[in-house]
Amino acid sequence: MKKPCTGIAVLILFVPLVLLTLAGCSKETQIVLNVYNWGDYIDESILDDFEKQSGIKINYETFATNEDMYIKVKQGGTKYDVIVPSDYMIEKLIKEDLLAKIDVEKIQTYKYIDSRFLGLRFDPANQYAVPYIWGTFGILYNRTKVSDPVESWDILWNPKYAKQILMMDSVRDSLAVAFLRLGYSLNTTDTAQLTEAAELLIQQKPLVLAYVGDNYKDMMVQEEAALSMCWSGDAVFVREQNADLEYVIPKEGTNLWLDCMVIPKSSEHQEEALRFIDFMNQPEIAQRNIEYLGYATLNTAVFDLLDTQTREDPALYPPGEVSSRWEVFADIGDANVAYNRIWTEIKSR
Amino acid sequence: MKRADVNFLQYPYILWAGLFIFIPLVIVLWYSFTVAGADGDAVFSLENYERFLSPVYMQVLSRSAVLAVKSTFICLLIGYPAALIITRLPRMWRNTILLLLVIPMWINFLLRTYAWMVLLGRRGVLNRILEFFGLPGQEWLYTETAVLIGMVYNFLPFMVLPLYSALSRIGKETIEAAEDLGANRFVVFRRVVLPQSVPGVIAGITMVFMPAVSAFVVSALLGGGQYMLIGNLIEQQFLYVGDWHFGSSLSIIMMVVILLTMALVSLYDKGASLEGGNLW
């Protein structure tokens, strides 16, 4: 071993690194806002408009699951300014003191947000989260293949449709269906209730064609299956592709889900982050965004601008009484371990 | 040039291996032996490994192992004759066939697996062919068979290539000598070709078994998420549960399984060659 060579190797590796770091520092004059959102969850031309209007540069990154996002934020080393987590994850982030309080007075467009989506359990005093998109889940079915009326979650256990049923490859969503059928809370941590739900899902497994992710949309459009769990926003998209598909929120109830904009405590540009949130809620911007996404808006001004057909679409905007039968996911804390154990058990059968 | 003069050429690799292989492994090991304490600190514990011993997870491991063994075996069953046939072909054909074997590997793994969904689907190509001949369509996709097909399809080249290189190295003269001494084709194969191809078999088995036991995309896509394998379990821990500690211990366990299998296989290798020495 000759020492100088090691020295050279180290030098070769580190010099560019140092140079890169220096280069990064020299351009600090321009404010960069780091936005962290779900994949394909914004009309990206809106980001360009914001940059033009405000002179703030946006660094846009995406994540695939709440847990993925959580680990990145929790471990630090990242400087996100606006993130868009879901309900239960916001509760967890608040519990762990990772979010900055938001002064809603500074968001002029806050008044447009439908009050039905404010003060929910994950942020009861509206101190941390500004709702972005909302929706429900229900059953998507093919009218030509399902002869029985689809009004209850029970139909996903009907042996007549063996190997025609798709469930979500996601612990909380699939367990939620079992809880709804049993009449339990979607956030139960009671061992007996969990076991009962697990048994229900194990009993259902022989009837299930597959536990799926995003590809359930393609499978339903191509008529590979007759019944599937489905998110309200996707329902609109698939119905356009195949006119035989119908979306129903079963009578037992559903899950109300919300993705909200929040500002992490570690953000160095909280003022600019507020400006961005304000911008996203401007009616014309929010309308463009919702038209691109195909989900339901929670902006009252945008809702008034929608055509009657969209506004009366029960998939997107379920009748008022549904809101008495929906429940938001909560952070279940340590029960996560039990949930995932159950899921492994179901899937290893 | 003296050897010492070129020694520095290995430093980039040593640095690379240290940064991206050794250090990460140590981190994984550290995670696997700790759990998150009350205040978020890591506390030393064997809990992750204890947890793994429960029947649920053992079942996942055994299913992965069985599936990996099955697909390795099928690969060997298809791959050996294929490699043998390739070595007997005229040179031009040989290269074409080898190229055809490798070309699919240039396509992204995910895409190749996804293509099988189109073939095996309820209204897929295979069922349409069956229906054309008046046969009833079958349920192919989302079964264990589909997972097996996907694995064999994806890993077959890893079996054929080392086998081919071992088989093509066998000198024609040894075969001819055996034939001159009156051995029929079966005896030639059993006593001359087979023993000399053992290194290729070993290499093929290791190269197929390793990715097969850790596969998770194939089972998620072709198995419809119904067949949880250890690869899926690890993915679940990291991406959905966020339990890096348990995920890490699962990864370590999988590495141990692979190492053990390789040790076992190479033991057999030595045994076979020893035995060979005694017999012939």
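Both backbone and side-chain heavy atoms feed into the values below; hydrogens, waters and symmetry mates do not. Per chain, numbering begins at 1; letters A, B, ... match sequence-line order.
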Can you tell which part of [X] gets under 4.5 Å to a heavy atom of chain B, answering side chain, backbone, both or neither?
{"X": "A:Arg349", "answer": "backbone"}
{"X": "A:Leu209", "answer": "both"}
{"X": "A:Thr344", "answer": "both"}
{"X": "A:Asp218", "answer": "side chain"}
{"X": "A:Ala64", "answer": "neither"}
{"X": "A:Met219", "answer": "side chain"}

Fill in: Considering all heavy atoms, the nearest A:Val208-B:Gln226 contact
O-OE1, 3.4 Å
Practice prompt. For residues A:Asn340 and B:Gln236, report the shortest heavy-atom separation together with the two atoms involved.
Written response: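 Minimum heavy-atom separation between A:Asn340 and B:Gln236: OD1-NE2, 3.0 Å.
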Fill in: Close approach to chain A in residues 209-220 of chain B, criterion heavy atom under 4.5 Å
none
Practice prompt. Sort by residue number and list every member of residues 244-251 of chain B having a non-hydrogen atom under 4.5 Å from chain A.
Written response: B:Trp244
Could you grab the distance from atom [atom1] of [X] to atom [atom2] of [Y], nearest 0.5 Å is fine?
{"X": "B:Gln237", "Y": "A:Glu67", "atom1": "CD", "atom2": "CD", "value": "11.5 Å"}
{"X": "B:Tyr142", "Y": "A:Leu166", "atom1": "OH", "atom2": "CG", "value": "7.0 Å"}
{"X": "A:Asn336", "Y": "B:Asp243", "atom1": "CG", "atom2": "CG", "value": "9.5 Å"}
{"X": "B:Tyr240", "Y": "A:Asp68", "atom1": "OH", "atom2": "CG", "value": "8.0 Å"}
{"X": "A:Ser348", "Y": "B:Leu229", "atom1": "OG", "atom2": "CG", "value": "10.5 Å"}
{"X": "B:Met228", "Y": "A:Ile346", "atom1": "CE", "atom2": "CD1", "value": "9.5 Å"}

Discussion item. Could you work out, with ring-ring contact (aromatic ring centres under 6.0 Å, His included) as the rule, every residue matching B:Phe33, not counting sequence neighbours?
Written reply: B:Tyr49
Measure [X] against the heavy atoms of chain A and call it side chain, backbone, both or neither at under 4.5 Å.
{"X": "B:Gln59", "value": "side chain"}
{"X": "B:Leu239", "value": "both"}
{"X": "B:Tyr227", "value": "backbone"}

Worksheet item: Can you list the steps and then say if A:Gln222 with B:Arg122 is a side chain to side chain contact (heavy atoms under 4.5 Å, CB included)?
Response: CA-CA 10 Å; A:Gln222 287 161 15; B:Arg122 185 168 278 160; over 6 Å; no
Discussion item. Between A:Glu223 and B:Arg123, does any side-chain N to carboxylate O distance fall below 4.0 Å?
Written reply: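 So A:Glu223 pairs with B:Arg123 through a salt bridge.
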Discussion item. Can you confirm whether A:Glu345 sits close enough to B:Pro55 that some side-chain heavy atom of one is under 4.5 Å from a side-chain heavy atom of the other?
Written reply: no
Worksheet item: Tell me, do B:Val60 and A:Lys347 make a side-chain contact under 4.5 Å, heavy atoms counted?
Response: no
Looking at [X], I'd like to know if its [atom1] atom is crowded, meaning that more than 12 non-hydrogen atoms belonging to other residues, nucleotides or ligands lie closer than 6.0 Å.
{"X": "B:Trp30", "atom1": "CH2", "result": "yes"}
{"X": "B:Phe132", "atom1": "CZ", "result": "no"}
{"X": "B:Asn108", "atom1": "CG", "result": "yes"}
{"X": "B:Phe109", "atom1": "CZ", "result": "yes"}

Practice prompt. Name all residues meeting the side-chain contact (heavy atoms from CB on, under 4.5 Å) criterion together with B:Ala146; count only those two or more places apart in sequence or in a different chain, and write none if there are none.
Written response: B:Leu120, B:Thr143, B:Leu222
